[in-house]
Amino acid sequence: MISQRNSTWRVGRGRVLELGRQGQIMAIINITPDSFSDGGNYANIDAAVAHAVSCVRDGAAILDIGGESTRPGAAEVTAAEEQDRVLPVIEKLAAETDALISIDTYRAETARLAMAAGAHIINDVHGLQREPEIATVAAQTSAGVCIMHTGRGREQEKRPDRIEDQEFFLQQSLEIARSAGISDEAIVLDPGFGFAKDRDDDMELMARFAELHRLGFPLLAGTSRKRFIGALTGREKASERDLGTAATTAILRLAGASIFRVHNVAANRDALAMADAVLAAASAHEEAASAHEEREGL
């Protein structure tokens, strides 16, 4: 169990998100016909906005808006298609809710337009490495940045140790970010559960998650409804993996994750409430023990 240190994530439009005492939820809002879990459910503007607003009511602090599926084998969409899907939703949500808005994209131009439409955060599943210009957009707009690790397209350079590979890839991404002028206070790291990783990869990442803290940044966990949860629970349908997801949320919160990217906000909010209570009790015990030692001169 990792003691939670208070920190502040600085994001666009002068906003901040307090991290530490409570885990924060990033709700997944897929405006796509083919996402692995909920493709087509929120493919029009009104449905996407209504779902996003309901996620805020359930406890989401961040709404992550995506217009292109990242499931294995999904067809790429054009930049214009992606923008047509996400920009109207971002504009409406910026007017209707005070929640932080994240754009899930690796395209620099989509990120620029999304920030202009009202977004606060850029969430890049390619860790700024597919279109490095996206880092310049983030710096110019003072966006919060989520940098994710991926194994896709880099089979030849992957390190055999899973944590070493995380560090190898993410340090390259951090160099891009810093060269573009992104401040460290704007950065959150995501180990990329399920992205070109098999069940053993994902389970070892969970077991060794605390080692990622040596990178020195807040950590986001995106396990929601992933294939490894289905394999371990026997749940073939992604939509049936919310209980398994909530279990990973509690486990990773105790290992020090700060932000949780999920489909089912309510279930994971409850899991976080329990994990946060355990962390608070542990912190209170440590403070009491330290005070006792001081009184006794130990």
Side-chain angles (χ1 to χ4, degrees), residues 1-11 14-27 56 58-62 98-100 120-121 144-147 149 161-164 166-167 170-171 174 177-178 182-191 193 202-224 243-262 265-298:
M1 186 161 49
I2 302 295
S3 297
Q4 301 299 306
R5 292 177 296 179
N6 292 337
S7 62
T8 298
W9 187 19
R10 299 195 175 277
V11 302
R15 298 281 299 276
V16 297
L17 182 65
E18 298 298 329
L19 306 175
R21 291 189 179 278
Q22 290 185 315
Q24 301 286 357
I25 289 182
M26 172 186 279
V56 175
D58 285 341
I62 308 167
D98 196 42
L100 297 176
H120 307 86
I121 296 162
V145 182
C146 182
I147 297 173
H149 172 282
D161 181 84
R162 293 176 176 94
I163 299 300
E164 182 184 348
Q166 290 275 330
E167 293 175 329
L170 291 171
Q171 289 292 359
L174 289 168
R178 287 164 173 161
I182 299 172
S183 70
D184 284 1
E185 292 78 13
I187 296 172
V188 163
L189 301 181
D190 176 355
F193 287 97
D202 288 325
M203 289 310 301
E204 185 169 339
L205 269 180
M206 285 196 65
R208 300 176 63 189
F209 192 85
E211 294 179 48
L212 297 173
H213 289 293
R214 63 193 186 210
L215 287 163
F217 291 87
L219 299 173
L220 181 151
T223 60
S224 189
L243 289 177
T245 298
T248 66
T249 290
I251 292 166
L252 292 171
R253 178 61 180 152
L254 296 178
S258 295
I259 303 168
F260 301 83
R261 184 178 182 273
V262 301
V265 174
N268 288 279
R269 181 74 270 164
D270 287 355
L272 281 178
M274 297 304 299
D276 285 339
V278 171
L279 290 168
S283 178
H285 173 72
E286 290 174 3
E287 291 176 4
S290 177
H292 175 74
E293 289 179 359
E294 285 186 17
R295 288 195 302 269
E296 298 297 322
L298 299 177

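Residues Thr249 and Phe260 share a closest heavy-atom pair of O-CE2, 3.5 Å. When all heavy atoms of Ile187 and Leu189 are compared, the closest pair comes out as CG2-CD2, 3.9 Å. Across all their heavy atoms, Trp9 and Gly144 have their closest contact at NE1-CA, 4.0 Å. Counting all heavy atoms, side chain and backbone alike, Ile25 lies closest to Arg269 at CD1-N, 3.5 Å. Shown here for Ala275 and Leu254, the closest heavy-atom pair between the two residues is O-CD2, 3.8 Å. Smallest separation of non-hydrogen atoms from Ala246 and Ala267: CB-O, 4.1 Å.
Of the candidates Thr245, Thr223, Thr248, Asn268 forms a side-chain contact (heavy atoms from CB on, under 4.5 Å) with just one, namely Thr245.
To the nearest 0.5 Å, the span separating CZ on Arg261 from CD1 on Ile62 amounts to 11.0 Å. Between the CZ atom in Arg295 and the OG atom in Ser290 there is a gap of 10.0 Å [rounded to 0.5 Å]. For the atom pair CE (Met203) and CZ (Arg162), the distance works out to 11.0 Å, reported to the nearest 0.5 Å. Note that CZ of Arg253 and OG of Ser258 are 6.0 Å apart. Values are rounded to the nearest 0.5 Å. Note that CE of Met274 is 11.5 Å distant from CG of Leu279, once rounded to the nearest 0.5 Å.
Using a 4.5 Å heavy-atom threshold, the side chains of Leu272 and Gln22 count as separate. A 4.5 Å side-chain heavy-atom check between Glu167 and Asp161 finds every atom pair outside the cut-off. A heavy-atom distance below 4.5 Å is not found between the side chains of Met26 and Asp190.
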Is there a side-chain contact (heavy atoms from CB on, under 4.5 Å) between Ile147 and Phe217? Walk through the geometry before answering. CA-CA 10 Å; Ile147 297 173; Phe217 291 87; over 6 Å; no
Steps toward side-chain contact (heavy atoms from CB on, under 4.5 Å) verdict (Val145, Val11): CA-CA 8 Å; Val145 182; Val11 302; over 6 Å; no
Show your working on side-chain contact (heavy atoms from CB on, under 4.5 Å) between Thr8 and Glu185 and close with a plain yes or no. CA-CA 7 Å; Thr8 298; Glu185 292 78 13; over 6 Å; no
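Other residues, nucleotides and ligands contribute only 12 or fewer heavy atoms inside 6.0 Å of the CZ atom of Arg10.
Gln24 places a side-chain N or O within 3.5 Å of a backbone atom of Glu18 that can act as its donor or acceptor partner. At least one donor-acceptor pair under 3.5 Å links the side chain of His213 to the backbone N or O of Ala255. Looking at Gln166, its side chain does come within 3.5 Å of a backbone N or O of Pro191 through a donor-acceptor pair.
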